[in-house]
Amino acid sequence: MKKRLLSAPLSLAQAHDAIYQTVRRIPRGRVASYGQVAELAGLPRRARLVGQLLWQLDETTDIPWHRVINARGEISYSPSRGGGDVLQRLRLEAEGVEFSEAGRIDRERFQWLGD
DNA sequence: GTTATGACTTCAC
DNA sequence: CGTGAAGCCATAA
């Protein structure tokens with residue numbers, strides 16, 4: 001019998017699809033963390049995979065990638081994003097999401113709780 | 001097979 | 001609230 005570890009029922013292709021579908025469900029003006037997206041997609045502990053997938057998206061995608069933030073309620077800034085991180089904040093503010101002085105989002109008010 | 005890296009998360013100070 | 005260390009998982013070399 002083949003070794004079977006906990007919960008890996010999906011192939012990578014299916015996992016990617018599940019994550020994209022989940023991100024698409026995030027309502028306008030709301031945000032979700034990477035870990036939350038992974039969990040809602042049925043992929044617990046795959047937060048880093050979510051980030052990796054979003055990194056592959058181009059500018060013409062219809063996926064609201066800007067509504068995905070880290071668990072601290074903050075945008076994940078990184079040199080590898082080439083300025084895309086700044087764009088993320090602008091897009092969120094355009095949807096009515098407020099940032100604290102420290103550049104953080106109040107999760108109690110703006111985090112998406114699911115459906 | 002091992003090692004290093006990263007749009008992450010959690011816990012301990 | 002800020003920092004650092006450890007854990008985690010997929011990918012690339």
Side-chain angles (χ1 to χ4, degrees):
Chain A
M1 170 160 168
K2 189 165 54 173
K3 173 158 70 171
R4 162 114 72 124
L5 296 179
L6 295 166
S7 74
L10 301 176
S11 69
L12 283 178
Q14 290 174 315
H16 293 191
D17 215 31
I19 289 173
Y20 288 143
Q21 295 300 326
T22 301
V23 175
R24 265 190 248 263
R25 293 214 310 271
I26 304 175
R28 187 178 185 281
R30 291 299 183 99
V31 296
S33 71
Y34 296 93
Q36 190 182 0
V37 169
E39 189 173 12
L40 290 173
L43 300 165
R45 304 303 185 286
R46 266 66 166 189
R48 305 192 84 147
L49 176 60
V50 174
Q52 191 170 351
L53 289 182
L54 295 184
W55 168 73
Q56 299 175 12
L57 297 175
D58 56 55
E59 300 176 356
T60 64
T61 183
D62 58 331
I63 297 175
W65 54 268
H66 56 283
R67 295 178 190 148
V68 183
I69 61 178
N70 63 31
R72 294 172 172 178
E74 201 171 26
I75 291 175
S76 293
Y77 290 95
S78 173
S80 62
R81 300 186 63 178
D85 40 15
V86 178
L87 174 62
Q88 177 169 13
R89 172 163 179 162
L90 294 177
R91 283 200 181 186
L92 289 176
E93 289 180 326
E95 293 185 351
V97 177
E98 300 174 9
F99 286 76
S100 72
E101 193 171 332
R104 199 173 308 134
I105 298 171
D106 184 349
R107 298 180 42 173
E108 298 297 317
R109 296 206 314 168
F110 297 106
Q111 185 158 30
W112 180 45
L113 302 178
D115 292 316

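None of the values given here were measured: they were computed from a predicted structure. Just so it is clear: chains get the letters A, B, ... in the order the sequence lines come, proteins before strands, and each one is counted from 1.
Using a 4.5 Å cut-off on side-chain heavy atoms (C-beta onward), A:Asp62 and A:Arg24 make contact. The shortest side-chain heavy-atom distance between A:Leu92 and A:Phe110 does not fall under the 4.5 Å cut-off.
Using a 4.0 Å cut-off between a side-chain N of Lys or Arg and a carboxylate O of Asp or Glu, A:Arg89 and A:Glu93 qualify as a salt bridge.
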Heavy-atom contacts, protein to nucleotides 4-13 of chain B, under 4.0 Å, summarised as B (base), S (sugar-phosphate only) or - (none) per nt, yield --BBBSS---

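OP1 or OP2 of C:dA10 lies within a sub-4.0 Å distance of a side-chain N or O belonging to A:Arg46.
Looking only at distances, a side-chain donor or acceptor of A:Arg81 sits under 3.5 Å from a matching main-chain atom of A:Ser76.
Between the P atoms of C:dC8 and B:dA12, the separation comes to 15 Å (whole Å).
Counting all heavy atoms, side chain and backbone alike, A:Val37 lies closest to A:Ala32 at CG2-CB, 4.1 Å.
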